[in-house]
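Here's the structure, in structure tokens; my notes come after.
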Amino acid sequence: MSATSAEVRAPLKPLGRSFFDRPTETVARALLGVWVVRSTPDGLSAGPIVETEAYGGPDDLASHSRAGRTRRTTPMFGEVGHAYVYLVYGMHQCLNVVAYNGREAGAVLIRAIAPVLGVDDIRRRRGRPTDPTYRLCSGPAKLCQGLAVDRSFDGHDLTLGEGLWLAAPGAPVGLRVQSETQIASGARIGVDYAGEWAARPWRFWLAGNRSVSRQR
DNA sequence: CGAATGATACCCT
DNA sequence: GGGTATCATTCGG
């Protein structure tokens, strides 16, 4: 007997605002193992985060907030715990959660999850029928496509538990707990333009997890 | 390795 | 206001 969407909904309670009111590096680490939950008319699609990147305030030359508050970066200067979703390379979306911005307008990029719930829906939305499950959301844009997250979620409050939210592990869905796995860190990806900021080890992932976008 | 693809930021009139 | 270089990626060759 498998768990229905209704049965897993209650345990997947959204993280509260205070979780995100910490330095972005701290939040980025703490988010490993936390679930991204997406609720659509089809049901729930969800899985634990296995890879993140921390982006700081305007002084972080790799962060979008380096340009100050613009139309695009407005969510980064808003309340923590809201989503910042942007279009990159003209065709891909990336999901961030705003963190600690009372002091620096930062955000955490969610780079990969391990699909657990709604795998068939995720695979269909990805359009990759033969991909192994663990690789369906192994990248920031793949994750957004798989979970049907687009810019309509830009600014969305992730603490409400409506449509899209983040939930702490512990639910009876066979979760992998963060403490069971070693956390690795390294330079962020695709930010070579950021000078010495590019070398900061602000990318975090669960060591050895197959759903991480790139190993080592 | 390079194309796809379009919003954005930034510079210039 | 208008032109343009750039881009927190992915996929296929």
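Each chain gets a letter, A, B and so on, in the order its sequence line appears, and its residues count up from 1.
- The phosphate of dT9(C) (OP1 or OP2) has no side-chain N or O of Arg188(A) nearer than 4.0 angstrom.
- Among all heavy-atom pairs drawn from Trp35(A) and Ala46(A), the shortest one is CE3-CB, 3.6 Å.
- Of all nucleotides listed (dA8(C), dT10(C), dT5(B)), dT5(B) comes nearest to the side chain of Met91(A).
- Qualifying side-chain hydrogen bond (donor to acceptor under 3.5 Å, both in side chains) partners for Asp59(A), counting only residues two or more places apart in sequence or in other chains: none.
- What separates OH of Tyr84(A) from P of dA8(C) is a distance of 9 Å, to the nearest Å.
- A straight line from OH of Tyr86(A) to P of dC7(C) spans 12 Å, rounded to a whole angstrom.
- As rounded to whole Å, 18 Å separates atom P of dT9(C) from atom CG of Asp150(A).
- Each of Gly90(A) and Ala141(A) lies near DNA chain C, and the nucleotide nearest Gly90(A) is the one positioned closer to the 5' end.
- For Arg135(A), the CZ atom counts as loosely surrounded, since its 6.0 Å shell holds 12 or fewer non-hydrogen atoms of other residues, nucleotides or ligands.
- Taking the charged nitrogens against the carboxylate oxygens, Asp157(A) and Arg17(A) do have a contact shorter than 4.0 Å, which makes a salt bridge.
- Atom pair Lys142(A):NZ and dG12(C):C1' shows a separation of 13 Å (rounding to whole Å applied).
- Taking every heavy atom of residues 49-67 of chain A and every atom of DNA chain C, pairs under 4.0 Å involve Tyr55(A), Ala62(A), His64(A), by number.
- Rounded to whole angstrom, the span from the CG atom of Asp192(A) across to the P atom of dC7(C) amounts to 10 Å.
- Phosphate contact (OP1/OP2 of dC11(C), side-chain N/O of Arg128(A), threshold under 4.0 Å): present.
- Note on Arg71(A): nothing from the nucleic acid sits closer than 4.0 angstrom, heavy atoms only.
- Salt-bridge check for Asp60(A) with Arg188(A): passed, with a basic side-chain N closer than 4.0 Å to an acidic carboxylate O.
- One can place CD1 of Ile189(A) at 15 Å from C1' of dC7(C), the figure rounded to the nearest angstrom.
- With Asn96(A) contributing its side chain and Tyr84(A) its backbone, the two residues share a donor-acceptor pair below 3.5 Å.
- Each of dT5(B), dA9(B), dA8(C) was ranked by its minimum atom distance to the side chain of Thr70(A); first place goes to dA9(B).
- In this structure, Asp42(A) pairs ionically with Arg124(A), as a charged nitrogen and a carboxylate oxygen lie closer than 4.0 Å.
- In the interface, the side chain of Tyr89(A) is not paired with the base of dA4(B) through any donor and acceptor atom under 3.5 Å apart.
- Annotation: His64(A) is in aromatic contact with Tyr86(A) [ring centroid separation under 6.0 Å].
- Across all strands shown, nothing is found opposite dT5(B) as a Watson-Crick or G-U wobble partner with both distances under 3.5 Å.
- Distance CG (Leu136(A)) to C1' (dC11(C)): 15 Å, rounded to an integer number of Å.
- If Arg151(A) and His92(A) are placed on DNA chain B by their nearest nucleotide, the residue sitting closer to the 5' end is His92(A).
- The distance between atom CZ of Arg72(A) and atom C1' of dG6(B), rounded to the nearest whole Å, is 12 Å.
- Contact between the side-chain N/O atoms of Arg214(A) and the OP1/OP2 oxygens of dT9(C) is not found at any separation under 4.0 Å.
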